[in-house]
Undergrad: 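Here you go, one structure.
The model shown is predicted, which means the values in this text are computed figures rather than measured ones. Lettering of chains follows the sequences in order, A, B, ..., and the numbering in each one begins at 1. Only heavy atoms go into these numbers, but all of them, side chains included; no hydrogens, no water, no symmetry mates.
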2 protein chains.
Amino acid sequence: MPYRVLVLEGDSEQRVWLSDWLAKEFVVDSCGLAREALEKAKQGKPDLLVLAVDVPDMPGMSFLAVLRDTDYGHGLPVIAVAPERTEEGVLRAFDLGVEDYLVRPFDPRELVARCRTVLRRRYERGEYLGAPLSIAGVEIDPGQRRCQARGKRVTLRPREFALLEILMRKAGRVLTRPYLLETVWGMSSTADTRAVDVMVSRLRKALGPEAGKLVETVSKLGYCFREPET
Amino acid sequence: MPYRVLVLEGDSEQRVWLSDWLAKEFVVDSCGLAREALEKAKQGKPDLLVLAVDVPDMPGMSFLAVLRDTDYGHGLPVIAVAPERTEEGVLRAFDLGVEDYLVRPFDPRELVARCRTVLRRRYERGEYLGAPLSIAGVEIDPGQRRCQARGKRVTLRPREFALLEILMRKAGRVLTRPYLLETVWGMSSTADTRAVDVMVSRLRKALGPEAGKLVETVSKLGYCFREPET
DNA sequence: CAGGGATGTAACCGATTTGTAACCCAGCGC
DNA sequence: GCGCTGGGTTACAAATCGGTTACATCCCTG
C-alpha cells in the first residue's frame with residue numbers, strides 16, 4: 001500500500017519536478033499555497049509533507065506552526081526544503097518538529113530516499129503506535145490499552161484493539177483486508193482474509209451501535225475509520 | 001488496449017529499427033525531430049516516450065526540459081537512450097525525471113522489457129490507490145474511495161468508481177469497450193461488452209445530469225472523459 | 001490437566017452489486 | 001416509411017459479498 005505524500009512548493013516548475021520524482025515511488029498530491037495545503041492535509045490524509053519553506057502566502061515555518069496547531073497536522077511528519085542553510089532556520093525547523101531538512105540544490109533521489117526513511121521509521125517500525133489518539137469521540141490510549149467511546153469505557157480484546165488502532169491512525173483511508181492482515185495479524189499469519197471481517201464485527205459490537213458505525217465497510221475493498229460528514 | 005509508445009530518434013535507420021522492435025508489443029509512433037515529438041506527445045497522448053538524447057534540432061535533455069514544462073508532458077514517463085555513458089549525462093537525465101537510461105549498443109529486447117516494466121509500474125500499480133485527481137470539477141481520491149462532483153459528495157459502487165477512475169486518468173482519450181472491459185472488469189471476466197454501456201449509464205446517473213455529461217459517448221468507438229478545453 | 005478467554009473457521013443468510021435481456025429511441029440508407 | 005444498427009435505460013435474476021453466529025482450537029494460568 002503506497003504512502004501518500006503531499007508537496008507544498010510555491011514555484012510551479014519546482015513543484016512539478018518534485019512531484020514527478022516522488023511519484024515514482026509514492027502517491028503524490030501537490031499544491032502551491034499554504035492554505036490549500038492545510039485543506040489537502042485535512043482532506044487527503046497524507047503520510048508525509050514535503051514543505052518548501054518559501055511559499056508565497058505564508059512563510060514555511062509559520063505554516064508549520066499553524067499546521068501543528070491542527071489536530072490532523074499533529075502527527076504528520078514533515079521534510080523541509082530550504083533555499084539555503086541558515087543556523088536559525090535549521091534550528092527553528094527542528095524546533096517545530098521537522099523530520100529532516102534539505103538545502104537546495106539537492107539530488108532528487110536523495111529526497112526520495114529520505115522520504116522513504118522517514119516513512120519507514122514512522123510507520124513501519126511501529127514507532128508512531130502508542131500515542132493516545134482521539135477521533136470523532138473515540139479515544140484510545142495504546143500505552144494503557146484503554147479505549148473510550150463517547151466517554152464510556154470500552155474493553156477490547158488485543159486483536160480488536162490493534163485493529164482499531166490501525167484504522168484510527170489511518171482514519172479516512174481505505175485499508176484492504178490483506179493490508180490489515182499483514183499489519184495487525186503479522187506477515188507470518190496464516191489466517192484467512194475473512195478473519196478480518198469477523199474481527200471487525202466483534203470490534204463494532206464492542207464499540208456499541210453508535211461508535212461502531214464509524215468503522216465503515218467499503219465494498220470489495222476493505223474497511224475505513226471515517227468521521228461523519230461535516 | 002496496447003500501450004502507446006512514442007519514439008524520438010534522429011537517425012532514421014535507428015528509428016525504424018527501434019520502432020520495429022517496440023511494435024512487437026506496443027503501438028508505436030515515431031519521429032525524428034523534437035518539435036514533431038512535442039506535437040505528437042500532445043496529440044497522440046502516448047503512454048511512454050523513448051528518447052534518443054542526440055536529436056538534430058535540439059539536445060535531448062533540453063527537449064526533456066521543454067516537455068516537462070507542458071501540461072501533457074509532466075506525467076509522461078521517459079526512457080532515454082544515449083550514445084555513451086557520461087556521469088553528467090546520467091545525472092542530468094535522472095534530474096529531469098527519466099524513468100530509465102540505456103546506453104548504446106543495447107539489446108532491443110532489453111529495451112522492450114524496460115518499457116514493459118516502466119509501463120506496468122506507472123499504470124498498473126495498485127488498483128485503487130492512485131493519487132487524487134481533479135478534472136473539470138470532478139474529484140476522486142481512490143485512497144479514500146471518495147468522489148465529488150461540483151463540490152457535492154457522490155457515492156459510487158466499486159465498478160462505477162473504477163470506471164470513472166480509468167476514464168479520468170486517460171481523460172481526453174477515447175477508450176474502447178474491450179479495453180474498459182479488460183482493465184476495469186479484468187481479463188478473466190466473461191462479461192459482455194454491453195455491460196460497459198450499462199455501467200456507464202449508471203455512472204452518469206450517479207454523477208448527476210451536469211457532471212454526467214463529461215462522460216461522452218464516441219459513436220462506434222467507446223467512451224471518453226472530456227477534459228476542459230485547452 | 002481443567003477452565004476460561006481469545007480467535008480462527010465454517011456455515012448460514014440477508015444485502016449489495018452487477019450482468020443480462022428486453023425495450024426504447026435516434027440516426028441512417030433505401 | 002421501413003428495417004437496421006448503435007446505444008440508453010430499466011427490471012430482474014444471479015452472483016458475490018459481508019455480517020453474524022456457533023463451534024473448534026489454541027494458549028494461558030492455576
Undergrad: What's the CZ-P distance between A/Phe161 and C/dT7, to the nearest Å?
TA: 13 Å
Undergrad: Is the backbone N or O of B/Val196 less than 3.5 Å from a side-chain atom of B/Arg159, with the two atoms forming a donor-acceptor pair by type?
TA: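 It does not hold such a pair.
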Undergrad: Can you tell me if A/Tyr223 touches the phosphate of D/dC17, counting only side-chain N or O atoms and a distance under 4.0 Å to OP1 or OP2?
TA: no
Undergrad: Using a 6.0 Å cut-off, check whether atom CD of A/Glu13 has over 12 heavy atoms from anything other than its own residue.
TA: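 No, CD of A/Glu13 has 12 or fewer neighbouring heavy atoms, counting only those of other groups under 6.0 Å.
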Undergrad: List the steps and the verdict of side chain to side chain contact (heavy atoms under 4.5 Å, CB included) for A/Ser30 and A/Leu18.
TA: CA-CA 9 Å; A/Ser30 72; A/Leu18 284 176; over 6 Å; no
Undergrad: Between B/Thr217 and D/dG8, is there a side-chain N or O to OP1/OP2 distance below 4.0 Å?
TA: yes
Undergrad: For the residue pair A/Thr183 and A/Arg169, confirm or rule out a side-chain donor-acceptor distance under 3.5 Å.
TA: no
Undergrad: Round to the nearest Å and state the distance from A/Leu163 atom CG to C/dA6 atom P.
TA: 16 Å
Undergrad: In this structure, how many angstroms lie between the P atom of D/dG7 and the CE atom of B/Met199, rounded?
TA: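 Those two atoms, CE and P, are 17 Å apart.
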Undergrad: For D/dC17 and A/Ser219 - does any side-chain N or O of the residue sit under 4.0 Å from the phosphate oxygens OP1/OP2?
TA: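 It does not, given that no N or O in the side chain of A/Ser219 lies less than 4.0 Å from OP1 or OP2 of D/dC17.
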Undergrad: Decide side chain to side chain contact (heavy atoms under 4.5 Å, CB included) for B/Gln148 and A/Gln43; before the verdict, give the C-alpha distance in whole Å, the side-chain angles of both, and the deciding distance to 0.1 Å.
TA: CA-CA 12 Å; B/Gln148 290 194 330; A/Gln43 301 290 328; 5.7 Å; no
Undergrad: To the nearest Å, how far apart are A/Asp192 CG and C/dA11 P?
TA: 12 Å
Undergrad: Distance check needed: C/dT17 P versus B/Arg159 CZ, whole Å only.
TA: 12 Å
Undergrad: Reckon A/Arg177 has a side-chain N or O less than 4.0 Å from the OP1 or OP2 of D/dC17?
TA: no
Undergrad: Does a salt bridge link B/Lys45 with B/Glu227, judged by any charged N lying under 4.0 Å from a carboxylate O?
TA: yes
Undergrad: Less than 4.0 angstrom from a charged side-chain N to a carboxylate O is my criterion; do B/Asp192 and B/Arg177 meet it?
TA: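 Salt bridge absent between B/Asp192 and B/Arg177.
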Undergrad: Starting from C1' on D/dG7, measure out to CG on B/Leu203 and report it in whole angstrom.
TA: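 After rounding, the gap between these two atoms is 16 Å.
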Undergrad: Between C/dG8 and A/Trp185, is there an OP1 or OP2 to side-chain N/O distance shorter than 4.0 Å?
TA: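 The answer is yes; a side-chain N or O of A/Trp185 sits under 4.0 Å from OP1 or OP2.
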Undergrad: Starting at the 5' end of nucleotides 22-30 of chain D, put B wherever the base has a protein heavy atom under 4.0 Å, S where only the sugar-phosphate does, and a dash everywhere else.
TA: B--------
Undergrad: Let me know the distance between CD of B/Glu160 and P of C/dT16, rounded to the nearest Å.
TA: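 In whole Å, C/dT16 P lies 14 Å from B/Glu160 CD.
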Undergrad: Considering every strand and a 4.0 Å limit on heavy-atom distances, what is the contact class for B/Arg194: base, sugar-phosphate, or nothing?
TA: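 Answer is base: heavy atoms of B/Arg194 come under 4.0 Å of a base.
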Undergrad: Report yes if a side-chain nitrogen or oxygen of A/Lys220 is closer than 4.0 Å to either non-bridging phosphate oxygen (OP1 or OP2) of C/dT18; otherwise report no.
TA: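 True: A/Lys220 side-chain N/O within range (under 4.0 Å) of C/dT18 OP1/OP2.
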Undergrad: Please report, rounded to the nearest Å, how far the P atom of C/dC24 is from the CG atom of B/Asp197.
TA: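 Whole-Å distance recorded here is 18 Å.
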